[in-house]
Amino acid sequence: MISRLDQKTTNTLYGHFARELASAGFSGDIELGYADRTVLATDNSIYQVLPEGVLYPRSTEDISKILTLAHKPDFHQIVVSPRGGGTGTNGQSLTSGFMVDTSRYMNRVLEINTRERWARVQSGAIKDYLNELAAKEGLFFAPELSTSNRATVGGMVNTDASGQGSVVYGKTRHHVLELTSVLADGTVWNSSPVDNDQLEQLCQRQDRIGEIYNTLKKTHCEHHQRVSEVFPHLNRNLTGYDLANIVNKDHQHDLNAILCGSEGTLAIISEIKVNLLPIPKQSALVLVFYKSFQDSLQDAQALMAAEPGSIETIDSRVLGLAKSDSVWESVKDFFPKQSDDIDGINFVEFTGDDEAEIQQGIDRLKTELEKPVSIWRAGHSVVMGTGNVKKIWNMRKQAVGLLGNMKGDARPIPFVEDVAVPPENLAEFIKAFRALLDSHHLTYGMFGHVDAGVLHVRPAIDMKDPEQEKLVRLISDDVAALARNHGGVLWGEHGKGVRSEYAPDFFADLYPVLQEIKGVFDPYNQLNPGKIATPATLPEPVQLLKIDEVPTRGQQDREIERNAFEAFTSSLYCNGNGACFNYNPNSAMCPTWKATYDRIQSPKGRSGLVREWLRLQTAAGADIAGESHKIRQAGPLYNGGQKLINLVNKWRGEEDFSHQVYGALDNCMSCKSCAGQCPIQVNVPDLRSRYFELYHGRYPRPVKHHVAGLLEPMLPVLAKFKPAYNLVMGWSVANTLAGKTVGLQDIPAITSSSPTSDCCRAGAAIANRTLLDAIPDSERDKTVIIIQDAFTSFFETPLLTDLVELLIRLGYRPLIAPYKPNGKVLHVYGFLGRFEKIARTNGEELKELADSGISLVGIDAAVTLTYRDEYKEVMGEDSPEVLLLSEWFAQQSKTLRQLQMNLSDTAEEEFVLLGHCTETSNVPAAPAQWQQLYQDLGLKLTYKATGCCGMAGIYGHETRNQETSRKLYDMSWKDVVQNPENSGRLVATGYSCRSQVKRYGDGKIPHPVQTLLQVMKQKA
Ligand SMILES: Cc1cc2nc3c(=O)[nH]c(=O)nc-3n(C[C@H](O)[C@H](O)[C@H](O)COP(=O)(O)OP(=O)(O)OC[C@H]3O[C@@H](n4cnc5c(N)ncnc54)[C@H](O)[C@@H]3O)c2cc1C
Ligand code: SF4
Ligand code: SF4
């Protein structure tokens, strides 16, 4: 049996602080639970540091309350780190003290002033969210970064973020107009550049503000000469405190130059006013190909003469990943047919307001390309139009994400991932850098912003191995030296974080000046200590963090017993890149995070909790893999008596960290968007099933698990009593009772007492081996076997029969496989032993049908996908191939086109497709396949991206999920469904989605095949 786990509680001082803060009227959340702290113990870096607690302020006043209290002498030992999206790559926001997370509540865009082109946001506002609103006014916040759909503007300010296009648009600080900061003593201060008179007035003040401005003035007077010698003259000149720009080009003193890039070590920023720019109307890309990556780097300088907006580069590894992904389909025409020998590509972008401007840029580039050079270019292609350009950038983003998903123990990690050197030195620098990595036999991919001299490299290292871990020190030291020798910096784009260790050496005699700045802002070293600079104000000198002295995730992971790690391996390699925190309600990733803004309720949160749980279980001596085996063998009565005792203890309030982990996983919808969209393919539903199995080996299961697990096999029997069943289920009292007792409600009515017979009546024959063997070869291509699923067959039988009818009308011979439970629900609830048995029996029968060579297709995507994922886990390569309907129709495209069935004269309007989130995130080609089918038959179908509808199989039927289910529907489906323009035009592929629309009274949406059939009937 798994062990009971005691939680680590917050230390006494922090506990006392939390109580005082609550009594001071702090209106946000104070989280001291072990789960909350564990989830925020990581970012995208290699480090893992457990905070004592997490504070979620709701306002500037709340932040001020935190720092005012921390400033009291009793609490000078309290340290705080601000946090936004937590996407830092070098431990920037990690702390062993309190984390102050602005992303939960302080995430609003407060004002957009279109006339004056600026926006005011709270610091926790997500960058893409700001741009979504600004775009409505034709404006945008220009600094770009790959994490724009989850990084906050506060985080961007504090890392002075930038990315593609920085040569034209600059960095975040170039767009900051005003900052509202809370200083270490709780003072709230609005800063913007000041002229000399204002500066003098400020310097007269006898308070913290006066001290700060005096220091600012003195620093500039005394050191500006030396600063201009030491500080790097680079596009990416991240320094921490930017002493070089204290006085701006208008001769004003600018405190914001010091605050931008300060990584939360000087103040907590609560509000930000940024300038906005008009969105360029046109864009084009020229892709320049090379047979040597080195040549692409070297050539970038020459190409800059054409004055493009940006030049980005990728190597052959990144290109290879793009080709292996479905995203390649959308861009392959822009690349040479034979691209196997391409080792580097430069993406040269031109943006502007009209086509003539773009064309001039392209012409300038073509002129450059015609000039003789010492390197070898292997041709180029031009991509015109913003839509196409977006496709290429999306491909690049996707491929770069895939770099993280290397198989095996060694995984790409950030620690020297963003070196910046003068662009003219980049090629030489990279040559030496590669030689260094090759000398350690490391694998890596490279991509980056060659125009700005920044290349991203993440060497693959197994941080669980203490020997390999030592490479972090060896390589960091060497790369820091290499960067300096080439006139650059180690921290070109992502900030310093733990790498601040190299700052004293880099800034030499100016480091004490940085310390002076830190000292005036934060004399007791309470704000994100150990990073950028330490204050010289303390009686005892304090040190910066060291890159190999901060605890790492690898060190924690190596404490997990090997078999246990392997059992959960599909979900443990989360690297914290935060792609699952995508704010966009119309993206499938991750609905429970979007509905709650609670990081526990996310793939990263869930994965992190289970990692920690496995570590604690290993420490407690549990044999995780052995335990799973025993549970599967023994069945439901395993540990029956002991489970009841454990349950009573749980009711009596006995602590067990396993309950917190269970809570996080129990709320997961099993929608599998994470498995499809996380760059590392973290598969939380898999994690959840395995965890449920083990947890319920110690604690009894709720009744609803058993009821849901029995439903699939029982449906054929219940269907025989259809009238009685429907009468009971349709009765509101019974519905309420089921909701209260079993925890499930709104169970749909059964639509047929025998779906198989209905199909036969519609013209399908029952598939069996004898029949299949008798089908002549000439007819096999025109035959298809429909695999039934519980949802469609028993709750939406007309769809099944409509499909049969449609196939017949299209000239196919549909066969129907007898109904068999597929076991998905058992898997969802972690009845893995029972699932294995069903998967084996059902899988073997389907395999026998599949061996006939005739295609098997499933209607419900979520159920159908279990054949290629969960069944494969059980049966390996012997699992049956069952195609999604869209995939099968895509295979039939040529045949369908030959029918020349122009249905468009019957249907005037074009139709709009709403996808099922499991389908679109795991088979991204599905929407395009449906569109192809409509096009083949002469109809037009557009795809409207939506997020999760809130139903996700059984999730939306669970009583306790009603609020979230409704919220999710309202977030992205409601408006689309209720929009009068869409009336009669919508089609939806998911059973869950269609029933959710029906349940919330917004009418009925047909499946795409039903609309096709209807149009065909009208035409007939
Ligand atoms: C896959 C990947 C790609 C990336 N690509 C880029 C890129 O293209 N360009 C780029 O610049 N960066 C990039 N980064 C790094 C990271 O996304 C940026 O540094 C980003 O600006 C961090 O924002 P955040 O909201 O996640 O901040 P966090 O990581 O939460 O915090 C970053 C720092 O800011 C401080 N901070 C946060 N909020 C506040 C506040 N309100 N007041 C004071 N201090 C605060 C924190 O203490 C911390 O020091 C990438 C990261 C990943 C994982
Ligand atoms: S779960 Fe995936 S998407 Fe989320 S942080 Fe981890 S690796 Fe990134
Ligand atoms: S399955 Fe869905 S709800 Fe669960 S973690 Fe993954 S994306 Fe989130």
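For ligands, and for the atoms within them, numbers begin at 1 and follow the listed sequence.
- The shortest separation from a heavy atom of P679 to ligand 2 is under 4.0 Å, placing the residue in contact.
- Atoms of ligand 2 found under 4.0 Å from any heavy atom of G576, numbered from 1 in the order shown, are 5 (S), 6 (Fe).
- Of the candidates S103, G497, G163, S162, the one placing a heavy atom closest to atom 9 (N) of ligand 1 is S162.
- At least one heavy atom of K672 lies less than 4.0 angstrom from ligand 3.
- Of all the listed residues (V182, N158, T172), N158 holds the heavy atom that lies closest to atom 45 (C) of ligand 1.
- Ligand 1 places these atoms under 4.0 Å from at least one heavy atom of A267: 43 (C).
- At a heavy-atom distance under 4.0 Å, only backbone atoms of S670 (N, CA, C or O) approach ligand 3.
- The distance from ligand 2 to the heavy atoms of N577 drops below 4.0 Å at these ligand atoms: 3 (S), 5 (S), 7 (S), 8 (Fe).
- The only option from K604, Q48, R611 that meets the side-chain hydrogen bond (donor to acceptor under 3.5 Å, both in side chains) definition with T42 turns out to be K604.
- Scanning the protein heavy atoms around atom 5 (S) of ligand 3, the nearest turns out to be R606 NH1, 3.1 Å.
- Y573 carries R411 over the face of its six-membered ring, with the cationic atom under 6.0 Å from the centre and within 45° of the normal.
- The part of I680 lying near ligand 2 is the side chain, judged by heavy-atom distances below 4.0 Å.
- Remark: R108 CZ is loosely packed, at most 12 non-hydrogen atoms of other residues, nucleotides or ligands lying under 6.0 Å away.
- Distances from atom 25 (O) of ligand 1 to the heavy atoms of T152, L259, N90, L403 show the closest one on T152.
- Against a heavy-atom cut-off of under 4.0 Å, T159 is close to the following atoms of ligand 1: 18 (C), 19 (O), 20 (C), 21 (O), 32 (C), 33 (C).
- Taking the six-membered ring for Trp and the full ring otherwise, the centers of F581 and Y597 sit at least 6.0 Å from each other.
- Each of the following atoms of ligand 2 lies closer than 4.0 Å to a heavy atom of G578: 5 (S), 8 (Fe).
- Interface of A579 with ligand 2, defined as ligand atoms under 4.0 Å from a residue heavy atom, comprises 3 (S), 8 (Fe).
- Less than 4.0 angstrom separates some heavy atom of V684 from each of these atoms of ligand 3: 5 (S).
- Less than 4.0 angstrom separates some heavy atom of C574 from each of these atoms of ligand 2: 1 (S), 5 (S), 6 (Fe), 7 (S).
- Within ligand 2, counting atoms from 1 as listed, the ones closer than 4.0 Å to a heavy atom of C678 are 2 (Fe), 3 (S), 7 (S).
- For D160, no heavy-atom contact with ligand 1 is shorter than 4.0 Å.
- When side chains are defined from C-beta on, K531 counts as touching L545, because their heavy atoms get closer than 4.5 Å.
- Note on C674: not counted as a metal contact of atom 8 (Fe) of ligand 3, no N/O/S atom lying under 2.8 Å.
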